[in-house]
Amino acid sequence: MDFEEAADALYAASAADFIATRNELAKQLKADGDQLGSTRLKAMRKPTVAAWVANLVARELPDELDDLLALGDEFREATADLDGERLRDLTPKRHKLLDQVAKAATKLSEQQGQKVSADVGQKLRETLDAALVDPAAGDAVREGRLSSALRHVGFGVVDESGEPTNVTPLTDERRQKARERRKVETAAEEEESAAARSKREKAEREQEEREAAAKTKAKKAFEDAVSAAQSAEATVEDLDNQLDEAREALADAQELVRRLGAELDDARRAARDAQKESREARKRYNRL
């Protein structure tokens with residue numbers, strides 16, 4: 001094992017085991033005859049929790065980290081070109097990618113028994129953002145040997161104690177691969193957006209068709225109701241006329257009954273008078 005391998009193994013160890021791992025690896029380097037490497041390893045500082053999680057990203061999420069650094073390249077190119085439209089397009093991608101990487105790193109960390117507090121999560125995000133903004137910070141994060149979280153302060157990048165960081169350049173090949181992945185993802189997002197737009201437009205058309213059908217149905221129901229009301233009114237008017245005619249007929253009949261009753265009474269009186277006169281005439285005749 002050489003120094004580089006020992007350093008990688010040291011920063012891959014859990015934060016709790018860092019000191020013991022460092023002592024063990026330093027002894028091994030010394031035993032292998034690398035006194036300088038042993039001394040250099042002993043000088044390496046224990047990472048803070050945020051730095052340990054950032055190192056975890058470098059080891060376990062290299063493609064995602066490369067995508068982040070490649071996006072940083074795009075930001076710098078757009079800034080150099082004074083391309084405001086492109087910067088506006090890249091900004092939401094920046095936030096989305098930072099959220100994705102930070103969320104994935106938090107999950108990995110907790111799976112390995114290291115909880116991530118809100119403060120650690122914020123420092124992790126600042127470190128990832130510094131890696132995106134500043135190439136030197138991106139190289140330092142990519143190396144996976146941070147001892148402190150990073151933060152971009154407008155004129156450069158510092159760690160939690162204000163000390164500079166060691167850097168290892170990211171190769172052009174890896175940056176190109178990251179750019180190609182970004183193009184594929186962008187195309188997929190645009191395709192997804194087109195599909196979502198098509199789905200939304202279809203849903204809107206179906207909704208319009210449902211509303212039109214409902215309106216047609218409601219209009220027909222209204223027209224049927226108006227027609228039924230008009231028919232009912234006509235029936236009422238007809239029955240009312242019939243009732244008036246019946247009442248008039250009834251009045252005429254009642255008048256006829258009254259008149260015939262009166263005539264019957266007169267006839268009865270006349271008959272009685274006639275019968276009386278007939279009896280009296282008979283009596284007069286019999287006396288003769």
Side-chain angles (χ1 to χ4, degrees), residues 1-69 98 100-132 134-152 156-171 174 178:
M1 177 182 290
D2 60 16
F3 170 78
E4 295 297 333
E5 292 173 337
D8 288 340
L10 175 60
Y11 281 95
S14 66
D17 295 335
F18 184 86
I19 302 299
T21 302
R22 184 179 62 186
N23 292 338
E24 181 63 30
L25 291 172
K27 286 182 180 179
Q28 186 174 343
L29 287 175
K30 185 177 181 179
D32 292 341
D34 189 354
Q35 180 62 49
L36 178 59
S38 176
T39 302
R40 289 176 61 193
L41 195 70
K42 287 181 180 180
M44 287 186 160
R45 294 184 299 172
K46 178 180 178 180
T48 63
V49 176
W52 184 87
V53 179
N55 294 335
L56 183 65
V57 171
R59 293 194 307 275
E60 303 295 336
L61 303 171
D63 289 343
E64 289 81 352
L65 182 55
D66 285 352
D67 291 344
L68 194 68
L69 302 186
L98 283 171
Q100 290 176 343
V101 177
K103 184 176 180 180
T106 297
K107 183 177 180 181
L108 283 173
S109 178
E110 292 180 347
Q111 287 176 349
Q112 296 192 25
Q114 179 62 62
K115 292 185 177 181
V116 178
S117 66
D119 180 63
V120 170
Q122 178 61 30
K123 289 180 179 178
L124 170 64
R125 187 182 176 86
E126 290 176 350
T127 299
L128 295 173
D129 194 43
L132 182 150
D134 189 278
D139 292 337
V141 172
R142 189 68 195 85
E143 188 180 26
R145 299 178 190 174
L146 292 179
S147 60
S148 177
L150 305 178
R151 182 165 56 92
H152 188 265
V157 176
V158 297
D159 62 17
E160 292 176 74
S161 62
E163 296 294 328
T165 59
N166 294 324
V167 298
T168 300
L170 185 66
T171 65
R174 297 192 68 169

(request) Enter the distance from Gln111:CD to Leu56:CG here, rounded to the nearest 0.5 Å. (result) 9.5 Å
(message) Applying the side-chain contact (heavy atoms from CB on, under 4.5 Å) criterion to Val53, which one of Leu128, Leu124, Thr127 satisfies it?
(response) Leu124
(request) Identify the heavy atoms of Phe3 and Met44 that sit nearest to each other, and give their distance. (result) CZ-CE, 3.4 Å
(message) Between Arg142 (side chain only) and Ala58 (backbone N and O only), is there a donor and an acceptor less than 3.5 Å apart?
(response) yes
(message) Give me the atom names and distance for the closest heavy-atom approach of Ala149 to Ala51.
(response) N-CB, 3.9 Å
(request) Could you grab the distance from atom CG of Asp32 to atom NZ of Lys27, nearest 0.5 Å is fine? (result) 14.0 Å
(request) Identify whether the distance between the nearest side-chain nitrogen and carboxylate oxygen of Arg125 and Asp129 falls below 4.0 Å. (result) no
(request) Report the residues that fulfil salt bridge (Lys or Arg N to Asp or Glu O under 4.0 Å) with Arg145, sequence neighbours left out, ordered by chain and then residue number. (result) Glu4, Asp8, Glu143
(request) Might you point out which heavy atoms bring Leu69 and Gly138 nearest each other, and give the distance in Å? (result) CD2-CA, 3.6 Å
(request) Quick one: pull up OG1 in Thr106 and CD in Gln114 and give me the separation to the nearest 0.5 Å. (result) 11.0 Å
(message) Main chain of Asp2, side chain of Glu5: is a donor-acceptor contact present, judged purely on distance under 3.5 Å?
(response) yes
(message) Any heavy-atom pair between the side chains of Val101 and Leu65 that's under 4.5 Å?
(response) no
(message) If we ignore hydrogens and angles and just use 3.5 Å, is the side chain of Ser109 paired with the main-chain N or O of Ala105 as donor and acceptor?
(response) no
(message) Looking at Thr21 and Leu10, would you say the former's side chain and the latter's main chain have a donor-acceptor pair under 3.5 Å?
(response) no
(request) Grab the two heavy atoms, one from Ala131 and one from Val141, that are nearest each other, plus how far apart they are. (result) CB-CG2, 3.9 Å
(request) Provide the closest heavy-atom pair for Asn55 versus Pro47 in the form atom of the first, atom of the second, distance. (result) ND2-CB, 4.3 Å
(message) I'd like to know if the side chain of Arg45 and the backbone of Ser148 have a donor-acceptor N/O pair within less than 3.5 Å.
(response) no
(message) With rounding to the nearest 0.5 angstrom, report the CG to CE distance, Asp34 to Met1.
(response) 11.5 Å
(message) So, taking the atom named CZ in Arg22 and the one named NZ in Lys42, what distance separates them when rounded to the nearest 0.5 Å?
(response) 9.5 Å
(message) Once rounded to the nearest 0.5 Å, what's the spacing between atom CG of Asp66 and atom CG of Leu61?
(response) 11.0 Å
(message) With heavy-atom distances below 4.5 Å as the criterion, would you say the side chains of Val116 and Val120 are in contact?
(response) yes
(request) Kindly give the heavy-atom pair with the smallest separation between Ala6 and Leu29, and that separation in Å. (result) CB-CD1, 3.9 Å
